[in-house]
Amino acid sequence: MFSPDSLPLEFSWSLAERDARLASWPQDSGAIGGRWAFDLITGRMMWERGVYDLFGFEPETQLTRRSAVECYVGESRTAMEQLRAHAIANRRGFTLDVEIAPANGAPNRWMRLIAAPLCARGRAVRLEGVKFEVSPLHTPLRPPR
């Protein structure tokens with residue numbers, strides 16, 4: 001296990017970097033993925049088609065956060081959950097490569113998760129970002145053990 005406080009700086013970043021970080025994914029490279037959002041008040045998830053493809057869900061699927069989280073594998077799930085909690089509590093963004101097991105039984109893949117909270121009245125009310133496959137591109141960033 002690790003603590004978000006002990007992660008290298010590339011995992012957590014200031015919201016001043018929000019636009020640059022969210023624009024950093026290789027949209028024109030053919031990478032599978034897209035934009036996503038999660039309303040922290042209502043629990044509503046919004047995914048672009050490419051994120052459904054990445055996770056192996058049909059686009060008509062009524063997703064819950066739980067159904068998406070169950071696709072994260074082992075330490076990747078732990079790291080994502082810890083950084084998510086840190087991002088919400090401290091109003092910071094994060095970037096992390098995680099291993100997922102697509103719901104449709106496709107082989108596991110590595111995905112870059114870029115997330116940033118939207119805040120209102122000093123508290124996070126929504127998380128949004130991009131998710132895209134990095135498996136064929138390089139060895140993923142991984143949290144220290």
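The figures here come from the full heavy-atom set of this structure, side chains too, leaving out hydrogens, waters and symmetry mates. Along the sequence shown, the residues carry numbers beginning at 1.
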Please tell me if the side chains of [X] and [Y] come closer than 4.5 Å, counting only heavy atoms from C-beta onward.
{"X": "Thr78", "Y": "Tyr72", "answer": "no"}
{"X": "Pro117", "Y": "Leu127", "answer": "yes"}
{"X": "Asn108", "Y": "Ile100", "answer": "no"}
{"X": "Thr95", "Y": "Leu113", "answer": "no"}

From [atom1] ([X]) to [atom2] ([Y]), nearest 0.5 Å:
{"X": "Arg44", "Y": "Phe38", "atom1": "CZ", "atom2": "CZ", "result": "11.5 Å"}
{"X": "Thr64", "Y": "Met45", "atom1": "OG1", "atom2": "CE", "result": "7.0 Å"}
{"X": "Leu96", "Y": "Arg84", "atom1": "CG", "atom2": "CZ", "result": "14.0 Å"}
{"X": "Leu83", "Y": "Arg92", "atom1": "CG", "atom2": "CZ", "result": "10.5 Å"}

Enumerate the residue pairs fulfilling salt bridge (Lys or Arg N to Asp or Glu O under 4.0 Å) with a member in residues 117-127, sequence neighbours excluded, ordered by first and then second residue.
-> Arg126-Glu128
Residue pair Asp39, Val125: steps toward the side-chain contact (heavy atoms from CB on, under 4.5 Å) verdict = CA-CA 6 Å; Asp39 187 306; Val125 295; 6.0 Å; no
Linking I/L/V/M/F/W/Y whenever any side-chain heavy atoms sit under 4.5 Å apart, do Met46 and Ile114 land together?
->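 No, Met46 and Ile114 fall in different hydrophobic clusters.
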Examine Ile88 and Leu118 and state if one hydrophobic cluster contains both, with Ile, Leu, Val, Met, Phe, Trp and Tyr joined whenever side-chain heavy atoms are less than 4.5 Å apart.
-> no
Using a 3.5 Å distance criterion without hydrogens, assess whether the side chain of [X] forms a donor-acceptor pair with backbone atoms of [Y].
{"X": "Arg112", "Y": "Lys131", "answer": "no"}
{"X": "Arg77", "Y": "Val69", "answer": "yes"}
{"X": "Ser76", "Y": "Val98", "answer": "no"}
{"X": "Glu99", "Y": "Trp110", "answer": "no"}
{"X": "Asn104", "Y": "Ala106", "answer": "yes"}

Which heavy atom in Val73 sits nearest to a heavy atom in Ala101, and how many Å separate them?
->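 In terms of heavy atoms, the two residues are closest at CG2-N, 3.7 Å.
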Which donor-acceptor pairs under 3.5 Å do the side chains of residues 50-62 make with protein atoms, sequence neighbours left out?
residue	atom	partner	partner atom	Å
Asp53	OD1	Arg49	NE	3.3
Thr61	OG1	Glu58	N	3.4
Thr61	OG1	Glu58	O	2.7

Presence of salt bridge, Glu133 and Arg109, under 4.0 angstrom |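 Between Glu133 and Arg109 there is a salt bridge, with a charged N closer than 4.0 Å to a carboxylate O.
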